[in-house]
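Since the structure comes first, as structure tokens, the remarks are kept for the end.
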Amino acid sequence: YFDVNNGAPGARDPNIAVRFFRKSDNGPIMDQTLPFTQEFRVDYFQPLCSNGEIVTDKLVYSKVINLSPLEENGMELFDDPEGYYISWERCCRNYGITNIFSEDPNNGGIITAGQTFYLEFPPIIKDGKPFINSSPQLFPPLNDYACPNRPYWVDFAGVDIDDDSLVYSLITPLNTVTSQAIPA
């Protein structure tokens, strides 16, 4: 999500680099580059609360990646029973945000608040057979903020075509460790 009024134009990345890891030992598996594919304005439920100060665009990066059960050398890949995760970090939230402490690294700041995006997925091979598990269709983007003395609600309706249970939890957001998208 991109802050239209305060975000730095250079933060609209033309592509992002993600890394795949094994959950069992956090070992890196591969890197992929996802190109920017679309952008659209996020509509707010209670736009009058912001007095036009909050305008947000959703930036989408996407690529079809086929995970092979075999590496080139014949060793199985993506069959670890504990599964895998994909991670992408983005440094440096915009510095107009007042409720997240962050110093501008371009002005000598050393405490930069970023965000880390993280997705877990199961192995694609289980017990020697292909394991098919569809991703859930999640709720619409959280496109609002709470206004003082006004009701606030969020639709967390999600659907999984495999009938898997969906569990939501609130956690402390994952910060970045460097200003690099994929730390070495």
Side-chain angles (χ1 to χ4, degrees), residues 1-21 28-67 84-107 109 111-121 133-147 150 152-161 166 168-183:
Y1 292 93
F2 187 81
D3 182 339
V4 173
N5 292 339
N6 301 301
R12 290 177 179 261
D13 300 317
N15 54 59
I16 62 173
V18 300
R19 181 168 286 161
F20 289 66
F21 298 87
I29 300 292
M30 70 177 180
D31 294 346
Q32 288 284 319
T33 300
L34 308 182
F36 171 77
T37 57
Q38 67 185 44
E39 172 180 353
F40 55 90
R41 186 66 34 97
V42 174
D43 294 321
Y44 286 98
F45 178 65
Q46 301 182 73
L48 296 178
C49 292
S50 75
N51 298 321
E53 296 172 8
I54 299 176
V55 180
T56 308
D57 282 349
K58 180 178 180 180
L59 308 180
V60 178
Y61 297 84
S62 180
K63 177 181 179 181
V64 174
I65 301 170
N66 293 311
L67 303 179
Y84 300 85
Y85 64 93
I86 304 168
S87 181
W88 173 65
E89 293 185 351
R90 181 61 165 98
C91 165
C92 313
R93 295 175 182 257
N94 78 53
Y95 302 102
I97 297 174
T98 57
N99 65 344
I100 299 174
F101 182 72
S102 184
E103 298 174 336
D104 188 342
N106 297 318
N107 293 330
I111 301 173
T112 57
Q115 48 194 333
T116 298
F117 297 87
Y118 174 91
L119 170 80
E120 291 185 11
F121 63 96
N133 188 19
S134 299
S135 297
Q137 300 298 313
L138 298 179
F139 49 86
L142 298 179
N143 57 353
D144 227 331
Y145 44 86
C147 298
R150 293 194 184 180
Y152 178 73
W153 60 271
V154 175
D155 180 4
F156 283 105
V159 178
D160 188 276
I161 63 172
L166 300 178
Y168 304 97
S169 59
L170 296 174
I171 64 167
T172 301
L174 300 172
N175 200 353
T176 55
V177 294
T178 73
S179 61
Q180 297 173 331
I182 298 180

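Bear in mind that the values here come from a model prediction, so they are computed numbers and not experimental data. This chain uses plain numbering: 1 for the first residue, then up along the sequence.
We find the CG-OG1 distance between Asp3 and Thr56 to be 6.0 Å, quoted to the nearest 0.5 Å. The structure places CZ of Phe36 at 11.5 Å from CG of Asn15, a figure rounded to the nearest 0.5 Å. Atom CG in Leu67 sits 8.5 Å away from atom CD in Gln32 (nearest 0.5 Å). Separation of atoms CG (Asn133) and CD1 (Ile161) is listed at 9.0 Å; rounding is to 0.5 Å. With values rounded to the nearest 0.5 angstrom, Arg19 atom CZ is found 10.0 Å from Tyr85 atom OH. Here CD1 of Ile86 is found 11.5 Å from CG of Asp31. Values are rounded to the nearest 0.5 Å.
The minimum heavy-atom distance between Pro136 and Leu166, with the atom names listed, is CB-CD2, 3.6 Å. A pairwise comparison of heavy atoms in Ser62 and Thr37 identifies O-CG2, 3.6 Å as the closest pair.
Other residues, nucleotides and ligands contribute more than 12 heavy atoms inside 6.0 Å of the CD atom of Glu39.
At distances below 3.5 Å, at least one donor-acceptor pair connects side-chain atoms of Arg90 with backbone N or O atoms of Ala11.
The side-chain heavy atoms of Arg41 and Val4, taken from C-beta on, include a pair separated by under 4.5 Å. For the pair Leu59 and Asp13, the minimum side-chain heavy-atom distance is 4.5 Å or more. Residues Ile65 and Met30 are in side-chain contact: their nearest non-hydrogen atoms beyond the backbone lie under 4.5 Å apart. Annotation: side chain of Leu119 is not in contact with side chain of Trp88 (no heavy-atom distance under 4.5 Å).
A ring-ring contact (aromatic ring centres under 6.0 Å, His included) with Tyr84 holds for exactly one of Phe21, Phe20, Phe121; it is Phe121.
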